[in-house]
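This is a predicted model, so every value here is computed, not measured. In what follows, chains carry the letters A, B, and so on, assigned in the order in which the sequence lines appear, proteins first and then strands, with residues in each chain numbered from 1. What's counted below: heavy atoms across the whole structure, side chains too, no hydrogens, waters or symmetry copies.
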Amino acid sequence: MTEEATKTRNRKKDKIPKVPNPDGIWTKEVRAEINHKAVTGQHRIRGMGVNMRYPNFDDLLVLPAQLSRLSVDTYREPCVTKTVLGTRFAKKPLEIETPIMISGMSYGALGKEAKTALAKATQIVGTSINNGEGGLLPEERDNSYKQVVQILPSRFGFSLETIEAADALEIICGIGAKPGLTGHLLGSKITEEIAEMRQIPAGLDLYSHPRHGDIFGPDDMVLKIQELRDITNYEIPIFLKIAAGRVTEDVKIAVKTGADGVVIDGCQGGTGAAPVVALKHLGIPTLPALVQATKALEDMGVKDEFSLIVSGGIKDGADVAKAMALGADAVAIGTGANIALGCTTCHQCHEGICGSGICTQEPQYRELLKCDAAERVANYITAMTNEAVILAKAAGKTRLSNLEREDIRSITLEACAMTGIPLVGTNYTFTERFGFC
Amino acid sequence: MEHLDITGKSIGETNRALRNLIADHDQVIIDNPHSSHNLGTALKGNGKVTINGSTGYFTGGFLAGPTLDILGNTGWYTGDNMSAGEIIISKNTGSNCGPSMMGGTILVRGNSGSRVGFAMKGGNLIVCGDVGRWAGYMTLGGRIIVLGEMGPVIGESMYRGIIHTADPAVEKKLGNNVSVIPISDAEKKEVSALFEKYQIDHPVNSLKSVIPLKTGRTKYTIFNPTHKVRSKND
């Protein structure tokens with residue numbers, strides 16, 4: 001560029017007025033997305049969950065007991081945390097010592113050491129782990145306190161033996177991070193061992209089966225559950241995992257299929273790899289999904305017998321307490337447990353080069369997993385449980401499961417409208433047909 | 001030989017009785033199956049169960065050893081998740097026959113519906129008649145043999161496994177990520193042994209093999225518009 005041209009350009013620049021918020025829609029992230037698509041012609045894939053703020057449990061507050069009701073001594077009086085799930089039909093319901101379960105994360109997405117550490121953590125705190133897609137790792141089975149076995153469309157590594165090893169079964173209809181999409185496991189993470197467990201070729205990008213080959217609708221689900229009951233001698237609970245979408249309808253169908261309970265996975269849930277567009281735009285948040293699920297069960301008169309587990313963005317004991325107040329019998333954590341393991345939330349889980357030694361199959365990275373990883377996860381779950389207990393006791397409850405809608409208030413108009421929980425400073429909600437109203 | 005009349009019995013009672021009988025007897029005959037669903041679930045051992053009539057959905061699910069000889073039709077999902085043993089159907093099956101099966105053999109003397117061998121991982125699935133669309137969808141292993149006509153989208157996204165077919169138009173009906181090759185001598189030998197065992201009279205030489213692409217797999221197509229260049233006269 002000549003000197004004259006540079007001067008002309010600079011003069012024009014000086015005349016352009018300063019624009020507040022110059023990025024507008026075209027933020028750095030949006031521009032990066034467009035550039036990626038322009039270069040590759042493809043959508044972007046990454047790990048973990050959505051990083052946008054949706055209405056969540058932080059939009060609610062717990063009301064302390066004062067004169068109208070008595071609080072329970074935080075340090076000297078007990079508060080029961082033991083949780084029993086799947087009492088509807090199963091002869092041997094799932095009994096765990098805390099309502100915080102570890103959700104399904106596959107061996108493949110996670111490394112062997114990470115899966116084993118999570119299993120050991122369940123042994124320390126007395127809760128359950130879920131094997132996720134890709135078979136049941138022997139080290140996980142041997143170290144877990146209670147083992148939930150997922151039944152996924154792909155049936156990778158699935159057999160009669162895995163069912164016989166289960167304390168509960170979970171039939172997957174979808175996950176909150178990418179509902180309606182198939183599983184993604186990129187070839188870089190499929191080692192010979194993973195390939196053998198999943199009965200697939202090593203090194204090939206894997207897009208799992210989109211639907212169950214033996215469940216093509218709710219009527220078939222009824223028969224499938226009867227088949228699984230027959231195999232398990234009607235002993236262990238059978239749950240359905242549903243991504244939060246048309247929650248009211250889906251939960252009502254789940255009840256009619258004959259399951260013992262349902263896991264509602266909100267859109268804040270994480271995953272090993274998913275299209276960014278799905279992470280951001282598919283499904284609804286956990287908070288309103290839970291409200292709809294609870295209301296559906298109450299409408300059908302089965303709230304007391306049908307277990308309701310909620311997952312997706314659960315991070316602390318306050319979330320647990322508020323979820324239980326809204327009707328959940330238990331919660332499941334995934335990303336939170338991974339952060340306790342050492343995850344730095346870099347969102348690159350799909351690459352298979354996890355610097356924390358969690359989402360990787362490479363031996364040199366797996367070595368990086370913290371040596372006290374199991375204890376860290378156990379401590380995290382213990383502390384979360386204690387946090388929930390502190391709030392429950394302050395609200396005058398001697399059991400975590402006694403928390404109820406009367407014990408919380410909304411601090412945003414959004415949360416008030418979505419949940420039907422009165423706005424703080426009032427005992428009023430939005431008009432009829434919102435939330436629990 | 002033991003007879004089991006399942007009239008008026010729940011499927012749970014039936015399967016429990018069947019498991020006990022097959023443990024002690026070489027052969028059990030089920031009378032009046034009334035097209036029951038979930039019949040013969042998770043049977044183990046080496047005996048033979050003959051079902052005098054047609055069955056409903058999920059027949060022989062999770063089968064792990066015995067032979068199920070069905071003198072009639074079966075519904076959808078026959079032999080789902082089976083790992084060993086045989087299911088021999090004298091007539092036809094509904095759709096999704098042998099989904100996610102890991103081992104053993106399913107033989108359909110008649111026709112089968114769509115999606116035979118959905119996500120199949122191992123074993124043999126033989127259909128003497130015709131099958132519907134999407135046969136061998138995303139298989140992970142095993143062998144499918146179809147002696148009649150096949151519907152479109154054969155072997156879509158197979159990861160492993162093989163489909164032998166006598167359909168002369170197979171090349172025009174393929175799904176993505178598969179190709180057709182002549183049947184090899186080793187495969188002919190294996191298929192002939194199966195035909196001999198199950199008394200199937202069909203020339204092995206007429207079969208072709210559909211196999212997954214080992215290299216150069218096509219990309220998954222989400223959006224593939226076809227643009228026409230418009231001329232001024234259009």
Does a salt bridge link A:Asp260 with A:Arg229, judged by any charged N lying under 4.0 Å from a carboxylate O? yes

For residues A:Glu193 and A:Tyr107, is any side-chain donor paired with an opposing acceptor at under 3.5 Å? yes

Tell me, with the steps shown, if B:Thr67 and B:Glu86 meet side-chain hydrogen bond (donor to acceptor under 3.5 Å, both in side chains). CA-CA 4 Å; B:Thr67 294; B:Glu86 293 172 317; 2.8 Å; yes

Which portion of A:Phe216 sits near chain B, non-hydrogen atoms under 4.5 angstrom: both

Going through the checks in order, is the side-chain hydrogen bond (donor to acceptor under 3.5 Å, both in side chains) test met by A:Glu305 and A:Thr87? CA-CA 6 Å; A:Glu305 64 182 61; A:Thr87 54; over 6 Å; no

Counting heavy-atom pairs under 4.5 Å with chain B, the top scorer among A:Ile231, A:Leu223, A:Asn233 is A:Leu223

May I ask you to say whether B:Glu190 pairs ionically with B:Arg143, meaning some side-chain N is under 4.0 Å from a carboxylate O? yes

Walk me through whether A:Ser154 and A:His209 qualify under side-chain hydrogen bond (donor to acceptor under 3.5 Å, both in side chains). CA-CA 5 Å; A:Ser154 64; A:His209 304 70; 4.8 Å; no

Could you list which of residues 58-65 of chain B have a heavy atom closer than 4.5 Å to any heavy atom of chain A, in residue-number order? B:Phe58, B:Gly61, B:Phe62, B:Ala64

For residues A:Ile172 and A:Ile151, determine if any side-chain heavy atom of one lies less than 4.5 Å from a side-chain heavy atom of the other. no

Check whether A:Ile163 gets within reach of chain B through its side chain, its backbone, both or neither, counting any heavy atom under 4.5 Å. side chain

From CA spacing to verdict: salt bridge (charged side-chain N to carboxylate O under 4.0 Å, His left out), A:Glu139, A:Lys115: CA-CA 8 Å; A:Glu139 288 86 344; A:Lys115 282 294 281 180; over 6 Å; no

Whatever's closer than 4.5 Å to a heavy atom in chain B on A:Glu161 counts as neither

Check each atom of B:Ser83 against the heavy atoms of chain A and say whether the ones under 4.5 Å are side chain, backbone, both or neither. neither

